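Working notes, beginning with the structure itself.
In this text the structure is predicted, and so the values were computed from the model without any measurement.
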Amino acid sequence: MDRIDHLFNHYANRSSSHLIDPEGIEELCSNLEVPHTDVRILMLAWKMKAEKQGYFTLEEWRRALKAMRADTISKLKKALPELEKEVRRPSNFADFYVYAFRYCLTEEKQKSIDIETICQLLDIVLGSTFRAQVDYFIDYLKIQNDYKVINMDQWLGFYRFCNEISFPDMSNYNPELAWPLILDNFFEWMREKQA
């Protein structure tokens, strides 16, 4: 635990030593040789149960690094592939997917996320698993004018869509079922594209 704390102190902000701030996270990413937009950094935040985007507390840091048995940068780097496997287990991935959305809610009482951020988040979180669906949905989000933001219900709806609907034919999509309206609209848009 001392070594984990020592590592925390290396990245912690000098003036508020109880926090690793965005600058500290940038340095951590650089030492891990991982871009700060890499999904594994979001996975690390998930493992910590980090509450605030861009900040890690000592308690959060200890929680993750102890569980990952990493008390040095090289051990943490070696633990990342294992962490990715853990997150990609279906039982954990649904939780991670919800976490990714909540982690991007940066304002008090914020309930939705702007389209631009959602497009980046979808790419990072789902892109490697559902590439075609994500690419088409991002294209749709960028050209449509009905939605400026996405809420949790819509976010979860898209994950369900990826898991349940055959793509690209979408032959088993039933608009009569309880899908968020944005997905009905996406379905119509895809149908027109394919016509």
Check: [Y] and [X] side chains under 4.5 Å, non-hydrogen atoms:
| X | Y | result |
| --- | --- | --- |
| Leu183 | Ile165 | no |
| Glu23 | Asn13 | no |
| Ile73 | Leu28 | yes |
| Trp189 | Asn185 | no |
| Val134 | Phe158 | yes |
| Ile182 | Ile150 | yes |
| Leu7 | Asp71 | no |
| His18 | Leu58 | no |

Please answer: with hydrophobic residues joined when any side-chain heavy atoms are less than 4.5 Å apart, are Leu156 and Val149 in the same cluster?
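No; Val149 is not reachable from Leu156 via cluster members.
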Please tell me whether Leu181 and Ile143 are part of a single hydrophobic cluster in this structure, the criterion being side-chain heavy atoms less than 4.5 Å apart.
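Yes: a chain of side-chain contacts under 4.5 Å links Leu181 to Ile143.
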Applying salt bridge (Lys or Arg N to Asp or Glu O under 4.0 Å) as the test, list every pair that has at least one member in residues 175-195; sequence neighbours left out.
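Listed once each, the pairs would be none.
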What closest approach, in Å, do [X] and [Y] show between heavy atoms, and which atom pair accounts for it?
| X | Y | result |
| --- | --- | --- |
| Phe101 | Ser112 | CZ-CA, 4.3 Å |
| Ala100 | Val125 | CB-CG2, 3.8 Å |
| Asn151 | Asp153 | OD1-N, 3.1 Å |
| Asn172 | Ser166 | OD1-N, 2.9 Å |
| Arg14 | Asn9 | NH1-O, 3.5 Å |
| Phe187 | Pro175 | CE2-CG, 4.1 Å |

Using the side chain to side chain contact (heavy atoms under 4.5 Å, CB included) rule, take Phe130 and Phe167 through it: C-alpha gap first, then chi angles, then the decisive distance, then the call.
CA-CA 10 Å; Phe130 298 106; Phe167 201 83; over 6 Å; no
Pairs flagged by side chain to side chain donor-acceptor pair (under 3.5 Å) wherever residues 135-147 is involved - sequence neighbours left out
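Every side chain to side chain donor-acceptor pair (under 3.5 Å) pair that includes a residue of residues 135-147, provided the two are not neighbours, is Arg131-Asp135.
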Got a sec, which residues hit salt bridge (Lys or Arg N to Asp or Glu O under 4.0 Å) with [X], two or more places apart in sequence or on another chain?
| X | result |
| --- | --- |
| Arg89 | none |
| Asp114 | none |
| Glu84 | Arg88 |
| Glu86 | Lys47 |

Do the ring planes of [X] and [Y] sit parallel (below 30°), tilted (30 to 60°) or perpendicular (above 60°)?
| X | Y | value |
| --- | --- | --- |
| Trp179 | Phe161 | perpendicular |
| Trp155 | Tyr97 | parallel |
| Phe93 | Phe96 | tilted |

To the nearest 0.5 Å, what is the distance between [atom1] on [X] and [atom2] on [Y]?
| X | Y | atom1 | atom2 | result |
| --- | --- | --- | --- | --- |
| Ile113 | Glu107 | CD1 | CD | 11.5 Å |
| Met190 | Asp169 | CE | CG | 9.5 Å |
| Arg102 | Glu51 | CZ | CD | 11.0 Å |
| Phe137 | Ile118 | CZ | CD1 | 8.5 Å |
| Phe56 | Tyr11 | CZ | OH | 11.5 Å |
| Gln53 | Ile25 | CD | CD1 | 9.0 Å |

Under 3.5 Å, which donor-acceptor pairs link side chains of residues 76-83 to any protein atom two or more places apart or in another chain?
| residue | atom | partner | partner atom | Å |
| --- | --- | --- | --- | --- |
| Lys77 | NZ | Glu33 | OE1 | 3.3 |
| Glu82 | OE1 | Lys85 | NZ | 3.4 |

Counting only N and O atoms by type, is there a donor-acceptor contact under 3.5 Å from the side chain of Asp123 to the main-chain atoms of Cys119?
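Not a single qualifying donor-acceptor pair exists.
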Tyr99 side chain to Leu42 main-chain N or O, any donor-acceptor pair under 3.5 Å?
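No, the answer is negative, given that no donor and acceptor are paired below the 3.5 Å cut-off.
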With sequence neighbours excluded, what pairs up with [X] under the side chain to side chain donor-acceptor pair (under 3.5 Å) test?
| X | answer |
| --- | --- |
| Glu27 | His10 |
| Asn92 | none |
| Glu164 | Arg160 |

Asp38, Ile41, Thr37 screened by side-chain contact (heavy atoms from CB on, under 4.5 Å) with Cys29, the one that passes:
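The residue from Asp38, Ile41, Thr37 that satisfies side-chain contact (heavy atoms from CB on, under 4.5 Å) with Cys29 turns out to be Ile41.
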Go through it in stages, so that I can follow the logic: the residues are Leu141 and Leu122, the test is side chain to side chain contact (heavy atoms under 4.5 Å, CB included), and I'd like the CA-CA distance, side-chain angles, deciding distance and then a yes or no.
CA-CA 11 Å; Leu141 289 175; Leu122 282 169; 4.1 Å; yes
Stepwise, does the side chain to side chain contact (heavy atoms under 4.5 Å, CB included) test hold for Met68 with Leu44?
CA-CA 10 Å; Met68 294 166 74; Leu44 185 59; 3.8 Å; yes
Step through the shown structure and confirm whether more than 12 heavy atoms of other residues, nucleotides or ligands are within 6.0 Å of CD on Glu116.
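Open.
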Dump the intermediate steps for side chain to side chain contact (heavy atoms under 4.5 Å, CB included) on Arg69 and Lys75, then the final yes or no.
CA-CA 8 Å; Arg69 295 192 170 91; Lys75 284 184 189 169; over 6 Å; no
Those residues that, when tested against Arg63, pass side-chain contact (heavy atoms from CB on, under 4.5 Å) (two or more places apart)
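With sequence neighbours excluded, Arg63 shows a side-chain contact (heavy atoms from CB on, under 4.5 Å) to Lys49, Glu59, Glu60, given in chain and number order.
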Cluster partners of Leu19, using ILVMFWY side-chain heavy atoms under 4.5 angstrom, listed by chain and number?
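Joined to Leu19, directly or through intermediates: Tyr55.
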